[in-house]
Structures are given as C-alpha cells and as structure tokens.
There are 2 protein chains.
Amino acid sequence: MKRIDTKTRILNTAEQLFARDGFHNTSLRTLTDLANVNLAAVNYHFGSKENLLQSVIERRLIPLNQVRQEKIEAVLAAAQQQGTTPSAIDLLRAFIEPTLAFRGTDSGAKDFIALVGRALSEPDETVRNCFIQQILPLFKLLFTTLQQALPELPANILLARLQFTMGALSHVMCSSVRPLPQIPGFPEPLAGEELVEQLLTFVCTGLEASC
Amino acid sequence: MKRIDTKTRILNTAEQLFARDGFHNTSLRTLTDLANVNLAAVNYHFGSKENLLQSVIERRLIPLNQVRQEKIEAVLAAAQQQGTTPSAIDLLRAFIEPTLAFRGTDSGAKDFIALVGRALSEPDETVRNCFIQQILPLFKLLFTTLQQALPELPANILLARLQFTMGALSHVMCSSVRPLPQIPGFPEPLAGEELVEQLLTFVCTGLEASC
DNA sequence: GTCTATACAGAGATAGAC
DNA sequence: GTCTATCTCTGTATAGAC
C-alpha cells in the first residue's frame, strides 16, 4: 500500500469515502488520515476538495465512456453493414452492460459506480455539471441512434423514456454499494448478470411501448 | 410571513434550502438568517440539524403516504367488488399519481418532492433510514398487491422491476426542481400530466414484460 | 517538486443569561 | 422562548523543511 504514490492514495481513498458517506459528509481530515497522507496534500495535488472529486470522477469515467461509445458505434456499424437499422436493445445493452460490468473490474470500481449513480441527483451544481459534461456527448449519441431504432416514436417521448431509463439505471448503480435492507417475507434481490438482463428487458420494453 | 411561528418558518425554509442545495451543503446560519430566526432556535426546537430534516420529511410524507395507501386500497376494494384481480396500472397509478400531483399543492411541495426523490440515494444512513421507515409499509402493500395483479411473474423479478420503477420515479421527482439543461437539437422535455402518463406507460409496460 | 506544520474563517452544537 | 458566548471540528491557504 505504501508503494502507491500520494496522489493515487488520495484518489483511491476519496473514491471509497465519497461513495460510502457522500461528498459533503466526508472530511478532509478523515480522508487524509485513512490515506496516510498529510492534510495539506489534498490542496497541493488537487487545489480543492471539489477538484479532487472531479479528478475521482474523471479518472474512471473517461475510459468508461470511451468503452460505451465504442460499443454503441460497433452496434451502428454492424447494422449498417447488414443494411438494417440498429435495434433498441442492442444500443441499450452497449450503454448499460459496460457500466454495470465495470463494478467487477476492481474493488474501487464498485464505489465509483455508486458515486456516479448519485451524480445526476446531486444538488451541488459544480459536481452535477462535471458529470453532465462528461456524459452529454454519449447521451446525444444514444438518443440519436435510438431515434433511428424507433423512428415512429415522437422525439419528446423518446427523451422522456430515456430519462426514465437513466433513473432506473442510476438506482441500480447506487444500490450496488448500499443495498436496501432485506425485508422479511420478500424474495432475495437479483444481482449480477441476472439483474443486468432484467434491467435491459424492463427498459427496452418500456422504451418500445406504443403510445 | 411574520405571522407564522418560528418552528414553521424553520421547517419551510429548511425544506426549500435542503431541496435546492442539499442537506450537508446547507448551513444553519444561512437557514436561520433566511428564516429570520436565531441560530440557536434550530437546536432548541428540533434538537439537531438531522432531526430538523426528519421533521421536514415527516411533516409531508406521512399525509402523502396516507393518500397513497388509501388509493391503493380503493383499487383493491373495487377489484374485489367486481370479483376480479386489480390491474397493475391502476395500482401503480395509485402510487405514482398522488406523488407527482403533490408537487402542485403549494410552493414548498415541489421542493419537498425533489428532496424525497433524492432520499433513496442519500449516503447518510440516518436520513435514508428515516425515509425507508416511512415508505416501507406502503412498499410492502404495493408489492403484495402487484403480486396479485401479476401472479405469473416470479417474486424476485417483480421486486427487481419494482425497484427499477422506484428509480425512474425518483429521477422524475428530482428533476422537477433541478431540470437537466436544455440540449441544443433536443426536443422540449415533457411536463405535468403528460409526464405522469408517460411514466405510467413506461413502468407498466416494463413491469408486465414477459421473462 | 513534494510534503509538514500551522493559521484562519466558518460550520454545528451547547450552556447559561435574560 | 430567545439570544449570546463559546466549544470543537471543518475546508482552505500558506510558509518553510526536505
């Protein structure tokens, strides 16, 4: 652990604590103590607590968005080659599957996904804008390709349904680190692959509903 | 404004600021200045900042849950009277429609709904537990009645889909006070009744999907 | 360049005068 | 019920050691 440099130790610890306790509820003193770095190191390396959060988000979100974009473009290319329009479920899978699969890549990734799942409802404008700025190009790509997949659906209804989809996805992302309490008499919640497939079925069916 | 008593002025102002800026990002000094009360009044009347939040939530959530419960029970009674099983869309409408309609009841109600929409993803355990405790009996009622409406659907899949539904609903609740930025080339977002109907169509179709 | 020690303003909470 | 004074802890900034 001591071999990792200060900046990375701060990023890793911040990811963990921001996800678990929230951004505003995490003090720099708790963070720097746990990371075994000096209090002032955060301001030296990142400038401020908010810049630290931005770095935490960008470190993983930029590569993740890259993967999602490539997968969407692959679906487009495959459809174009066959002379067909892309299917909604393939497009949504290209967006959702890497996001949830990302949780398994390493121990911090799960925290990160929970953090990003909360980002959309984050009240702090700086935090939310940082996230929105990162996701916007990808969201536009998903929207326009879904328009091709569902040409009969009015654009404003597609937009609304895509936001319902984001809400459901965000919720799943959050609950991976803070699961709801097991309720007596309730079934064991789904997890892993099965949860991804159920989410895809749910949002695709909803997206394709007649209006 | 000066006619309203101290406690209510604090509740109203807290509702507004917690919804707009978030709980941890709202200082008691800002809150008490805006409410025209002394700094110490919050601790005198509520004991702590967290107890204040709990009061803010309970003041409106208890009556709202009462309405939702009554509407669900009315759907059940109507079905029983006709000797049929209740329909999923009627049950979901009984849950969702009062929630979103509540936004229009007064100026603070809109803030409140945004606050509750964020509650599920709230990192602070005390806050989240307060909300979960309030919603749990209603959630159980909705779950068991939906099992009657969709008897062929496995319980764990119904539970997963109901949580997707909660995610989509939460997202809509949040965005009523902090709408996403209007994106150039994108359609005008839906609002009001139309949004409620689209959400109902979306989640009902998803809930009833074959597996 | 990197890190440590420390200073400072603002936060929530509380005791006690009125 | 209300207000002031005060306590501890927070984020931030900076001076100086290595």
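Protein chains get the first letters and strands the later ones, always in sequence-line order, with residue 1 at the start of each.
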Rounded to the nearest 0.5 Å, the CG atom of A:Leu146 sits from the CG atom of A:Leu207 at a distance of 5.5 Å

Please state how far atom CD in A:Glu50 lies from atom P in D:dT10, giving the value in whole angstrom units.
18 Å

Listed by chain and number, what are the salt bridge (Lys or Arg N to Asp or Glu O under 4.0 Å) partners of A:Arg59, not counting sequence neighbours?
A:Glu15

Residues 179-196 of chain A vs side chain to side chain donor-acceptor pair (under 3.5 Å), sequence neighbours excluded, gives none

Protein-nucleotides 7-9 of chain D N/O pairs closer than 3.5 Å?
none

Interatomic distance where CG belongs to A:Asp33 and P belongs to D:dG11 [whole Å]
11 Å

So side chain to side chain donor-acceptor pair (under 3.5 Å) across residues 92-101 of chain A, not counting sequence neighbours, yields A:Arg68-A:Thr99, A:Arg93-A:Glu197

Using whole Å, report how far CZ of B:Phe23 lies from C1' of C:dA11.
12 Å

For B:Thr32, report the nucleic acid contact type (base, sugar-phosphate, nothing); a contact means any heavy atom under 4.0 Å.
nothing

Side chains of A:Leu91 and A:Gln148, heavy atoms from C-beta outward: is any pair under 4.5 Å?
no

Within 45° of the ring axis of B:Phe46 and under 6.0 Å from its six-membered ring centre, is that where the NZ or CZ of B:Lys7 lies?
yes

What is the distance, rounded to the nearest whole Å, between atom CD1 of A:Ile10 and atom P of D:dT12?
13 Å

Residue list, side chain to side chain donor-acceptor pair (under 3.5 Å) with B:Asp90, at least two apart or on another chain:
B:Ser87

Atom CG of A:Asn43 to atom P of C:dA5: distance rounded to whole Å?
16 Å

Using a 6.0 Å distance limit plus a 45 degree cone around the ring axis, check whether B:Lys140 lies over the aromatic ring of A:Phe186.
no

Could you tell me the separation between the NZ atom of A:Lys49 and the P atom of D:dA13, rounded to a whole number of Å?
14 Å

What are the atom names and distances for every N/O pair under 3.5 Å that joins the protein to nucleotides 1-5 of chain D?
| from | atom 1 | to | atom 2 | distance (Å) |
| --- | --- | --- | --- | --- |
| D:dT2 | OP1 | B:Thr6 | OG1 | 3.2 |
| D:dT2 | OP2 | B:His45 | NE2 | 3.2 |

How about B:Thr13 and B:Val37: do any of their side-chain heavy atoms sit closer than 4.5 Å?
no

What's the CG-C1' distance between A:Leu31 and D:dT12, to the nearest Å?
15 Å

Can you measure B:Phe46 atom CZ to C:dG12 atom P for me and round it to whole angstrom units?
15 Å

